[in-house]
Amino acid sequence: MSEQLGTLEELPQDYRDDMTKAGVAPLWPMMRNVLPHGAPKPVTKPGHWSYPALRPLLLRAGELTPVEKAERRVLVLSDPGRGTGAMQATSSIYLGMQLLLPGESAPAHKHTPSAARIIVEGTGGFTVVDGEKLPMQDGDLVLTPGGDWHDHGHEGSAPVVWLDALDLPLFVYLEGSYAIEGPLQAQRNRPDASAVEYLAAGLAPSRRLGSSTRRYPMMRYPWKNTEAALRRMAEFAEDGVAELDYINPETGRDVLPTMGFTAMMLRAGQTDAPPLRSASAAFHVVKGRGETIVDGQRIEWGPKDTFTAPVFAEITHKAHEESFLVRIHDRPLQDKLGYYEERAR
Ligand code: GTQ
């Protein structure tokens, strides 16, 4: 394994000119850029978006830009490593904070990337996904799988805000990202699947020969269930840290093809130092206060804040009060590509 590879400057100028004319370049001077030794060298830098700072900007967007002119009224959370305007918070995860005002609706469309939303504030908001009306309450996780029609509506009386997470950067990279617009959907007049077919963990509609289940049978994960499950688990957890993955109730697998969601509870004063993971991550604080050191950078977080960690980041959480976080990550994608990895610290 050679540490020092040849440089471009070592090569005669006429040879370099001829290569450029022929549309080729030598690999060796740039080899380490794409194949660094031992571990990736991420461009992504840890980011932190405090909700008290974002909220007034988002409300101002509500005054300045009607939803008709925005289609989706969203402020994009740009990775500091790529600079403001970057349509990604990590290598593979896009994050945006979306506002819908009372009475507004965001038109129906479907697109190749998948989305999930974590509700940040407000009541009365809903998303319709393939005709299923998914009410939005604080902390709920609501899925919009790639290819499914979705529109958003608001029957309440105060602004509704949620955090969008999409695997958009991946689809843009693949030159596979596009959307199709359509009319607002008719809504089936019944509660969503989390309140009907999948009301209790471990129970699913009885299978019959020839019957098929939907690819995404449950698209809303009510926060009240998640919090109750975390609290109970924390009571019996030896180190006191409770973590739960959101799963498809029919397959037991991740809820979306590329993005995973993991809810975590930390007691007041508790610390957590997970192994280094090859997945990149964004953390959304459903409630609580604390601090997290990401690769030596200290992030002081409060309720409804969002922060990010690059691949293989060294992460140490410390909760100042009882806290609930949802980690959005790309482990499902890395699993599928066969390279997800955890390293002891
Ligand atoms: O709500 O469908 O933040 O299509 C970015 C793209 C939200 C959405 C975003 C979208 C949406």
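All ligand and atom numbering here is 1-based and tracks the order in the structure. For the single chain, residues carry numbers from 1 onward in sequence order.
Taking the centre of each ring, H109 and H111 come in below the 6.0 Å mark.
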Exercise for the section: Evaluate the side chain to side chain contact (heavy atoms under 4.5 Å, CB included) criterion for residues I118 and W223: first the C-alpha distance (whole Å), next the side-chain angles of each, then the deciding distance (0.1 Å), finally the verdict. Expected result: CA-CA 9 Å; I118 299 173; W223 176 255; over 6 Å; no
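Using cut-offs of 30° and 60° for the angle between ring planes, the F307 and W301 rings count as parallel.
Comparing M87, R73, H111 by heavy-atom distance to atom 10 (C) of ligand 1, the nearest is H111.
For the residue pair H150/T144, the side-chain donor-acceptor check at 3.5 Å is not satisfied.
Ligand 1 does not have E71 within reach: every non-hydrogen atom of the residue lies 4.0 Å or more from it.
Between K304 and D138 there is a salt bridge, since at least one side-chain N of the basic residue sits less than 4.0 Å from a carboxylate O of the acidic one. Remark: E121 engages R55 in a salt bridge, criterion side-chain N to carboxylate O under 4.0 Å.
Interface of V74 with ligand 1, defined as ligand atoms under 4.0 Å from a residue heavy atom, comprises 3 (O).
Of the protein's heavy atoms, L166 CD2, 4.0 Å lies nearest to atom 6 (C) of ligand 1. Of the protein's non-hydrogen atoms, D164 OD2, 3.3 Å is the one closest to atom 7 (C) of ligand 1. Of the protein's non-hydrogen atoms, the one nearest atom 5 (C) of ligand 1 is Y94 OH, 3.5 Å. Ranking the protein heavy atoms by distance from atom 8 (C) of ligand 1 puts R72 NE, 2.9 Å first. Counting only heavy atoms of the protein, atom 1 (O) of ligand 1 lies nearest to H152 NE2, 2.7 Å.
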